[in-house]
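Can you read through this structure? Questions will come right after.
To find a chain, count down the sequence lines: A is the first, B the second, and so on, and within it residues start at 1.
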Protein chains: 2
Amino acid sequence: MSFFRHITACNSPIDEVFLPWRIDEQVVGLVRPAFIEHLRRFPDVFEFGDAQFRLAPDLDGFEARSEALNEVARALSDAEVISPYMGEPYAVTPGGRESAVCVVDRAAAAYFGVHSFGQHLNGYVKRADGIYMWLGRRARDRLLFPGYLDNMVAGGLPHSLSLEENLVKECAEEANVPEELARNAVPVGAVSYNRVAERGLRRDVLYCYDLALSDDFEPRNTDGEVEEFMLLPLDEVARIVLETEEMKLNCNLVVIDFLIRHGWLPPHHPEYLDLVTGLRQPMHRQGEQ
Amino acid sequence: MSFFRHITACNSPIDEVFLPWRIDEQVVGLVRPAFIEHLRRFPDVFEFGDAQFRLAPDLDGFEARSEALNEVARALSDAEVISPYMGEPYAVTPGGRESAVCVVDRAAAAYFGVHSFGQHLNGYVKRADGIYMWLGRRARDRLLFPGYLDNMVAGGLPHSLSLEENLVKECAEEANVPEELARNAVPVGAVSYNRVAERGLRRDVLYCYDLALSDDFEPRNTDGEVEEFMLLPLDEVARIVLETEEMKLNCNLVVIDFLIRHGWLPPHHPEYLDLVTGLRQPMHRQGEQ
């Protein structure tokens, strides 16, 4: 019965070797040694050194680098080394997404251990008896976390769209939120975590948003990703996070951040300071330089 | 012209040696080697080892430990080794203040390098044209940061009071906020930093609160610590933080946290992720075990 266990779950100890790879001397990702072996098929794209590699320096500029990495992603998808090609360009960056030096297909992002960025929105209703929060239940046919509870709107962030554009798009697709209403969403911070996954090292940043809704509004899914929406008292949402594993792993962090910012989780709670610091892991980890 | 410079200023690089000291095998503070020499005057209170020391294990229990440390604080104050005795008991703890194993006088806290806890409150008014924030200007006769701008209410947290009790007390003393109104303050998180100061290592946690105020309310200082209060548009408060050094060092962090949580600071800001993570430094640092 701990909120903190979700932070532990999203930040698995890194007890295997991940090796850095670079573009222009800057570390942009961390990969398993086994993955490097697959990249040796592309000697025009990568230069291999001792326990590291880098993008060939003659691949100069955003476009040339992106094209080369795109070819690699397609070839590795076709060879079933990585998951099926998705056609969604994700930022490859030494820091924030504003500093991207090129893009790589979403399907390859975790294998290359690049930072990945998403947006999660808390849709909530303020009533006389307290705050209520909209949660979605993920469709049963989803590849990841089928049937799990999810934030009202949540999605990955392709590099080709601005934060605002993508949020409006996700709001429309996932919950039928009109653009005018979606633009009322308030950016309220971010949570971040580093997790060893089957595909590689997830180094994720989720930008968080709050959207105050009236009792008139009811979310309705339009893209088939959500089975149903439910409006729950915040106490019940907190109970689900505290006592169950019903919610998608990283959505727990977004809800805990909401509980702290809205004063539901009081500062004398024994986990308070560990939660406040633990929700935002530094974006650089051991092995990076 | 950077918000992040305030996080850098509050987290000076630790480029000198600080040695851990323990109670019951748990590290509760980090001190300069020179300070340990002064503690050798109290062989009944401390046991000295190699590059570390601990509280004598026969000092058992909260009261006995607190009394012993209190004697030490008084004696060192009298000898002018540390600042004048203040009579405010501060928590000595391996973690949060709930885990305190004894107390030490506030005057000695920084020298002993224990965590220190405070509360800072953002008093703000929501108007049709945006958010306004109350700032105080510190009295010219204050020991620290005279004449600097400060959050509407801010104070250290003695161990003898609960978070709620101390906030109500500080609200009354600093800004004449009635108890009923003070109890509307919403706890919204915490910021933390580690700073090498003249006295020793500051390892501070500031619990943050938001208090929405109506246009009718005007803060009035009752304890002489504040010279004047001013209500400023949030744009102007942000400008002061961004462009000037007019605000007390750690209050800048509390305002930056407010700017992020209320959406004033947009997520595409190049410093956004560094700010979100940098505002909350882990409470343990190199040298601790």
task: Can you establish whether the number of heavy atoms outside B/Glu173 located under 6.0 Å from its atom CD is more than 12?
output: yes
Show which side-chain atoms of residues 151-160 of chain A pair as donor or acceptor with protein atoms under 3.5 Å away, not counting sequence neighbours.
residue: A/Asn151; atom: OD1; partner: A/His120; partner atom: ND1; Å: 2.7

field: Taking every non-hydrogen atom, the tightest pair across B/Gly189 and A/Tyr272
entry: N-OH, 2.9 Å
B/Glu180 atom CD, neighbour heavy-atom count above 12 within 6.0 Å: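 No.
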- prompt: Is chain B contacted by the side chain of A/Ile260, its backbone, both, or neither, given a heavy-atom distance below 4.5 Å?
  reply: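 Contact with chain B involves both backbone and side-chain atoms of A/Ile260.
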query: Say you draw a straight line from CZ of A/Arg280 to CZ of B/Arg280; how long is it, rounded to the nearest 0.5 Å?
result: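 The CZ atom of A/Arg280 sits 4.0 Å away from the CZ atom of B/Arg280.
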message: For A/His268, which atoms come within 4.5 Å of any heavy atom of chain B: side chain, backbone, both, or neither?
response: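 For A/His268, heavy atoms of backbone and side chain both lie under 4.5 Å from chain B.
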- prompt: What part of A/Val276 gets closer than 4.5 Å to chain B, counting heavy atoms only: side chain, backbone, both or neither?
  reply: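 Looking at A/Val276, backbone and side chain both touch chain B.
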field: B/Glu98 CD to A/Leu273 CG distance, which is reported to the nearest 0.5 Å
entry: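 Separation between the atoms: 6.5 Å.
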Exceeds 12 heavy-atom contacts within 6.0 angstrom, atom CD of A/Glu164: no
message: Looking at chain B, which one of A/Pro267, A/Gly263, A/Ser99 has the largest number of heavy-atom pairs inside 4.5 Å, strictly under?
response: A/Pro267
